[in-house]
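Note sheet for the following structure.
Nothing here was measured: the structure is a model prediction, and the numbers come from that model. We name chains A, B, ... by the order of the sequence lines, and we start the count at 1 in each one. All values below come from the heavy atoms of this structure, side chains included, with hydrogens, waters and symmetry mates left out.
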Amino acid sequence: MRLSKFFLPILKEAPREAEIVSHRLMLRAGMIRQQSAGIYSWLPLGHRVLRKIEQIVREEQDRAGAVEILMPTIQSADLWRESGRYDAYGAEMLRIQDRHEREMLYGPTNEEMVTDIFRAYVRSYKDLPLNLYHMQWKFRDERRPRFGVMRGREFLMKDAYSFDTDKEAARHAYNRMFVAYLRTYARMGLKAIPMRADTGPIGGDMSHEFIILASTGESQVFCHKDVLDLEVPGEDTDFSQDLTPIVDTWTRAYAATDEMHDEAAFAEIPEDKQVTARGIEVGHIFYFGTKYSEPMGAKVVLADGNEIPVHMGSYGIGVSRLAGGIIEACHDDAGIIWPDAVAPFQVGLINLKSGDAVTDAACADIYEKLTRAVVEVLYDDMDGRAGAKFATMDLIGLPWQFVVGPRGLASGEVELKRRATGERESLTIEAALNRLAA
RNA sequence: CGGGGUAUGGCGCAGUCUGGUAGCGCACCUGCUUUGGGAGCAGGGGGUCGCAGGUUCGAAUCCUGCUGCCCCGACCA
């Protein structure tokens, strides 16, 4: 992409209302525009990041055996009356009426709807296990939206729903999502720690929040230092096998959020292994049994002919929140530092002297070669000064800067800068291309 | 929802107390000079001051009401 053809509205100064670093940087880098309290447009740069995050989530959901669908944002109130949540949900639910004065709502979540789909088609235990997921915009009318996309009213969430014949089978479904989540966050360059979460009236041990550590996080978290160094399950993980050993490894050591914190248990950890930090919740998984299947009549027939309500779990990832969360975890004074996997472009090609025939030709050639090698390049072909170009590239945080100017070209060299470390290296065009296209 | 704050070109701000018809920096446009870490000079365009009433010869400025947005607390992907 040539910058001259892109839409990248950079701001030198962040709007006053933005307080936390990810919100400021997203506004300054032209990723989002606020339209109302807690409601944002995603501009090209932000949109590309959102798509990258989505794609990683999708690949890992698919790998774990979940099946993608897409449910609507608008739901009927009747469905929610069946589960009893229409009255229970309160002011956070945005309620609307259509032209026939039918009561509708903008979905804050989709348990009822997915249960409706399930009960319409699935009759037999032979169709289980089943896990359906989608990535769709949700709306929760928060009393106080804040922190940009980290706590918006409208947000993009991946929500998966598992269906099984009994609790033990549901545990396997739960474990598959648990492991999928570990992989998902790791691929985004994040260290997400599963922490015991409140299961409410359901009880048991099947609820975890996934927390990334960041100084600006909303919640206080506590964990054993060893959890930070655990190895994330690899690409070759067999999701058809029992994943309990992996889950056990990750849940053995202490890790809890403020609400679940056990001061006594934490004190037993050797002092040099105690970690107290701030965290951002980027995922939440839990088992809720027959809470919805029972009242909504989602049943399957077992091998013995008995009909039972299906056991369910739900598994959420805050996709749009992650865009902000990643920035909270990855930035410096100059701007964003994208992990490679979610970067809107891999390379920022900087033409230090637009209009100079030699430099223009060299850049055009490099741009074409990288593009042909399927490297995503944002080529700054604009008529600007070097300093401004460097500052912009640092701000938008692409992993690599490919710097081309007449001075270097005279001796056959260009410069590669790694945004994360600030390391620069002078090398030939050939060598630089090989480095990036590898 | 309780408490506090704020609203003036795209962004950041001054002007409001002491009414006289809007200004600065950045950004934008034109020209010249510059050109390897947010250039300089000159010229130029863009707002009628959140909205609605009121007071006054005259309101960004005073009064009344409303709305948006932000921050601090109780809830959540």
Side-chain angles (χ1 to χ4, degrees), chain A residues 9-20 23-24 27-28 30 33-39 53 57 89-93 107-110 135-160 181 184-185 192 197-198 200 208-212 218-219 257-259 279-286 314-325 334-335 350-356 359 380 382-395 401 403-411 413-415 417 422 424 426:
Chain A
I10 297 283
L11 261 32
K12 252 187 181 174
E13 289 169 288
R16 184 172 34 119
E17 66 267 15
E19 294 257 314
I20 68 165
H23 192 193
R24 295 177 65 83
L27 291 168
R28 287 194 52 213
R33 171 170 177 80
Q34 179 170 339
Q35 303 292 167
S36 274
I39 300 178
I53 295 170
V57 171
Y89 217 92
E92 270 199 7
M93 178 147 71
T109 176
N110 288 66
M135 288 191 244
Q136 179 61 288
W137 292 92
K138 308 291 190 290
F139 195 93
R140 294 182 190 171
D141 200 356
E142 300 266 349
R143 318 128 191 83
R144 184 151 99 81
R146 58 187 131 165
F147 305 142
V149 300
M150 301 270 287
R151 171 78 79 93
R153 291 194 291 171
E154 187 184 54
F155 58 96
L156 184 60
M157 177 163 88
K158 184 285 299 183
D159 38 327
Y181 275 36
T184 301
Y185 300 118
D198 194 4
H208 287 86
E209 288 180 11
F210 286 76
I211 306 276
I212 56 174
E218 280 195 84
S219 37
T257 60
D258 218 1
E259 311 93 64
I280 300 166
E281 183 187 348
V282 289
H284 194 171
I285 61 177
F286 57 96
S314 81
Y315 315 89
I317 289 182
V319 174
S320 49
R321 171 180 285 185
L322 271 168
I350 301 179
N351 182 336
L352 288 177
K353 192 160 186 175
S354 252
D356 174 75
T359 314
D380 187 346
M382 305 285 280
D383 185 18
R385 298 175 66 84
K389 292 189 173 195
F390 287 131
T392 297
M393 279 300 173
D394 284 348
L395 173 64
Q401 291 174 18
V403 185
V404 181
R407 190 180 300 173
L409 285 175
S411 53
E413 287 192 326
V414 294
E415 189 178 274
K417 175 182 159 186
R424 300 155 197 237
S426 286

Measuring only the [atom1] atom in each nucleotide, how far is [N] from [M]? A whole number of Å is fine.
N	M	atom1	result
B/C70	B/G12	P	13 Å
B/A27	B/G40	P	8 Å
B/A60	B/U21	C1'	10 Å
B/C17	B/A59	P	14 Å
B/U56	B/G3	P	35 Å
B/U34	B/C72	C1'	49 Å
B/C26	B/A39	C1'	14 Å
B/C63	B/G5	P	15 Å

How long is the span from the [atom1] atom in [X] to the [atom2] atom in [Y], to the nearest 0.5 Å?
X	Y	atom1	atom2	answer
A/Arg28	A/Thr392	CZ	OG1	9.0 Å
A/Leu322	A/Tyr185	CG	OH	6.0 Å
A/Gln136	A/Thr109	CD	OG1	12.0 Å
A/Thr184	A/Ile317	OG1	CD1	4.5 Å
A/Glu209	A/Glu281	CD	CD	3.5 Å

- Note on the structure: By side-chain hydrogen bond (donor to acceptor under 3.5 Å, both in side chains), A/Asp394 pairs with (sequence neighbours left out) A/Gln401, A/Lys417
- Task: Nearest whole angstrom, please: distance from the P of B/G68 to the CD of A/Gln35.
- Result: 16 Å
- Note on the structure: When rounded to whole Å, the CZ to P distance for the pair A/Arg16 and B/G10 reads 15 Å
- Task: Please report the closest heavy-atom contact between A/Thr359 and A/Val404, naming both atoms and the distance.
- Result: CG2-O, 3.7 Å
- Quick one: closest heavy-atom pair of A/Ala18 and A/Leu27, and the distance? CB-CD1, 3.6 Å
Could you pull out every donor-acceptor pair under 3.5 Å between side chains of residues 383-391 of chain A and any protein atom, sequence neighbours left out?
| unit_1 | atom_1 | unit_2 | atom_2 | d |
| --- | --- | --- | --- | --- |
| A/Lys389 | NZ | A/Asn351 | O | 2.6 |
| A/Lys389 | NZ | A/Asp380 | O | 3.4 |
| A/Lys389 | NZ | A/Met382 | O | 2.6 |

Counting only pairs under 3.5 Å, give me each side-chain donor-acceptor contact of residues 150-160 of chain A, with atom names and distances, residues two or more places apart or in other chains.
| unit_1 | atom_1 | unit_2 | atom_2 | d |
| --- | --- | --- | --- | --- |
| A/Arg151 | NH1 | A/Glu142 | OE1 | 3.1 |
| A/Arg151 | NH2 | A/Glu218 | OE1 | 3.0 |
| A/Arg153 | NE | A/Ala37 | O | 2.8 |
| A/Arg153 | NH1 | A/Asp141 | OD1 | 2.9 |
| A/Arg153 | NH2 | A/Ala37 | O | 3.1 |
| A/Lys158 | NZ | A/Gln61 | OE1 | 3.1 |
| A/Lys158 | NZ | A/Tyr181 | OH | 2.7 |
| A/Lys158 | NZ | A/Tyr315 | O | 3.0 |
| A/Asp159 | OD1 | A/His134 | ND1 | 3.0 |
| A/Asp159 | OD1 | A/Lys138 | NZ | 2.9 |
| A/Asp159 | OD2 | A/Tyr161 | OH | 2.5 |

Return the nucleotide paired to [N]: Watson-Crick means purine N1 to pyrimidine N3 with N6-O4 or O6-N4, wobble means G-U with N1-O2 and O6-N3, both under 3.5 Å.
N	value
B/U18	none
B/A42	B/U30
B/A52	B/U64
B/G2	B/C72

- Note on the structure: The contact string for nucleotides 72-77 of chain B, one letter per nucleotide 5' to 3', using protein heavy atoms under 4.0 Å with B, S and - for base, sugar-phosphate only and none, comes out as BBBBBB
- Query: Nucleotide by nucleotide, 5' to 3', does protein get under 4.0 Å of the base (B), only the sugar-phosphate (S), or neither (-) in nucleotides 27-41 of chain B, counting heavy atoms?
  - Reply: S------BSBBBB--
Dump the pairs, protein N or O against N or O of nucleotides 23-25 of chain B, anything under 3.5 Å, distances to one decimal.
| unit_1 | atom_1 | unit_2 | atom_2 | d |
| --- | --- | --- | --- | --- |
| B/G25 | N2 | A/Glu13 | OE1 | 3.0 |

- Item | Sugar-phosphate only, base, or nothing, as touched by A/Ala18 at under 4.0 Å among non-hydrogen atoms | nothing
- Query: With the threshold set at 4.0 Å, does a side-chain nitrogen-carboxylate oxygen contact exist between A/Arg143 and A/Glu92?
  - Reply: yes
- Query: Would you find a donor on one side and an acceptor on the other, under 3.5 Å apart, between the side chain of A/Tyr89 and the backbone of A/Pro108?
  - Reply: no
